[in-house]
Amino acid sequence: MRNRFDKQMEELHTELIEMGALCEHMIGESYQALMSGDMDAAAKIIGQDAAIDLKERDIETLCLKLLLQQQPVATDLRKVSAALKMITDMERIGDQAADIAEIVRTAGRLKAAAQTVQIGEMAKAATQMVTESIDAYVKQDLDIAQKVISDDDAVDRLFDLIRDELAHGIGKGVASIEQTMDILMIAKYFERIADHATNIAEWVEFSITGHHRGEQ
């Protein structure tokens, strides 16, 4: 019975890694579409969100099988419960990458100007946080999970910097209000992706320690 459970847990890890890879791909592709203004590429990214939704359902089914058929002990129960929470955040990451692509699809090439570097840094940091949060779960590595949680502050600072520079740009007539709002929304979506990666890391922390930061 335990061997079967361990095999299904390995399958769960593989599925989570694959879902994480889909999220990472969508984040990276949405950033590339933003920089190139490639509306066709943006449209393809939006279509990829369905693959993440399907993966979420597959993992949810596997988790329910583990809970109902294998009668896991307390530690295993935390791991499976955490996985169920994690995939909700991963699905939202896919949604937000698609939201970025939708802005590119409708707006075309945006004049990111001075914000290009900061948005690129946000995209890179958010992607790394997603990768490391899944890695932390598979390895049950508390240090990696806590690093992801602390990295969120850097992404928040980048967002604040972009927001301030955009406001300054409006005052100097560098970009239209419409373009500025589009860029700000894109930055906000990257910030939210990082927030979801942080949520995932917090559930990893729970799976290891039995304590969730949201608890009083």
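Basis for what follows: all heavy atoms, side chains included, without hydrogens, waters or symmetry-related copies. Counting from 1, the numbers follow the sequence of the chain as shown. Small disclaimer: the values here were computed from a predicted structure and weren't measured.
- With respect to Arg105 and Glu102, a salt bridge is recorded, a charged nitrogen being found less than 4.0 Å from a carboxylate O.
- Residues Ile27 and Phe190 have side chains in contact (heavy-atom distance under 4.5 Å, counting atoms from C-beta outward).
- Using a cutoff of 4.0 Å between basic side-chain nitrogens and carboxylate oxygens, Asp160 and Arg163 are scored as salt-bridged.
- We find that Lys188 and Glu191 are joined by a salt bridge, their nearest charged nitrogen and carboxylate oxygen being less than 4.0 Å apart.
- Within the 4.5 Å cutoff, side-chain heavy atoms of Ile149 are placed close to those of Arg213.
- Checked for salt-bridge contact, Asp95 and Arg92 meet the test: a charged N lies under 4.0 Å from a carboxylate O.
- Closest approach of Val130 to Ala197, counting heavy atoms only: N-CB, 3.8 Å.
- Annotation: the span from Glu15 atom CD to Leu12 atom CG amounts to 8.0 Å, rounded to 0.5 Å.
- Closest non-hydrogen pair, Ile134 versus Leu16, comes out as CG2-O, 3.9 Å.
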Give the C-alpha distance, both sets of side-chain angles, the deciding distance and a yes or no for side-chain contact (heavy atoms from CB on, under 4.5 Å) between Lys7 and Glu11.
CA-CA 6 Å; Lys7 186 173 291 187; Glu11 182 183 351; over 6 Å; no
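- Side chains of Asp182 and Met185 form no contact here, defined as non-hydrogen atoms less than 4.5 Å apart.
- Contact detail for Ile103 and Thr106: the closest heavy-atom pair is O-OG1, 3.1 Å.
- Linking ILVMFWY residues whenever their side-chain heavy atoms come closer than 4.5 Å, directly or via other members, leaves Ile144 and Met129 in distinct clusters.
- Both Met9 and Leu62 belong to a common hydrophobic cluster when Ile, Leu, Val, Met, Phe, Trp and Tyr are linked at side-chain heavy-atom distances under 4.5 angstrom.
- A donor-acceptor contact shorter than 3.5 Å is absent between the side chain of Tyr137 and the backbone of His13.
- Met90 has its side chain out of reach of Lys55: every pair of non-hydrogen atoms, C-beta onward, lies at least 4.5 Å apart.
- Summarising the geometry of Asp152 relative to Ala194, their closest heavy-atom pair is OD1-CB, 3.6 Å, with the distance given to 0.1 Å.
- Between Leu184 atom CG and Ile119 atom CD1 the span is 9.0 Å, to the nearest 0.5 Å.
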Worked verdict on Arg192 versus Asp99 for side-chain contact (heavy atoms from CB on, under 4.5 Å)
CA-CA 11 Å; Arg192 288 176 182 171; Asp99 288 337; 6.0 Å; no
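- Put simply, NE2 on His25 and CD on Gln48 are 4.0 Å apart, with the number rounded to the nearest 0.5 Å.
- Hydrophobic clustering keeps Tyr31 apart from Ile46 (ILVMFWY residues linked when any side-chain heavy atoms are closer than 4.5 Å, directly or through intermediates).
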Quick one, Val148 with Val204, criterion side-chain contact (heavy atoms from CB on, under 4.5 Å). Give me CA distance, side-chain angles, the key distance, then yes/no.
CA-CA 11 Å; Val148 172; Val204 174; over 6 Å; no
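- Aromatic ring orientation, His212 versus Phe206: perpendicular (interplanar angle above 60°, classes split at 30° and 60°).
- Side-chain contact between Asp156 and Asp195: present, with at least one pair of heavy atoms (C-beta onward) separated by less than 4.5 Å.
- Residue pairs satisfying the salt bridge (charged side-chain N to carboxylate O under 4.0 Å, His left out) criterion with at least one member in residues 20-37, sequence neighbours excluded, are absent.
- Between Ile87 and Met19, some side-chain heavy-atom pair lies under the 4.5 Å cut-off.
- Rounded to the nearest 0.5 angstrom, Lys147 NZ and Asp135 CG are separated by 11.0 Å.
- To the nearest 0.5 Å, atoms CD (Glu56) and CG (Asp58) are separated by 10.0 Å.
- Counting heavy atoms from C-beta on, the side chains of Ile59 and Met86 never come closer than 4.5 Å.
- A distance-only check finds no donor-acceptor pair linking the side chain of Ser81 to the backbone of Arg78 [under 3.5 Å].
- Considering every non-hydrogen atom in both Ala33 and Ile45, the closest pair reads CB-CD1, 4.1 Å.
- Residue Ile93 holds its CD1 atom at 5.0 Å from SG of Cys23, rounded to the nearest 0.5 Å.
- Proximity of Arg157 to Leu161: side-chain heavy atoms (C-beta onward) are nowhere separated by under 4.5 Å.
- Shortest non-hydrogen contact noted between Ala42 and Ala101 is CB-O, 3.3 Å.
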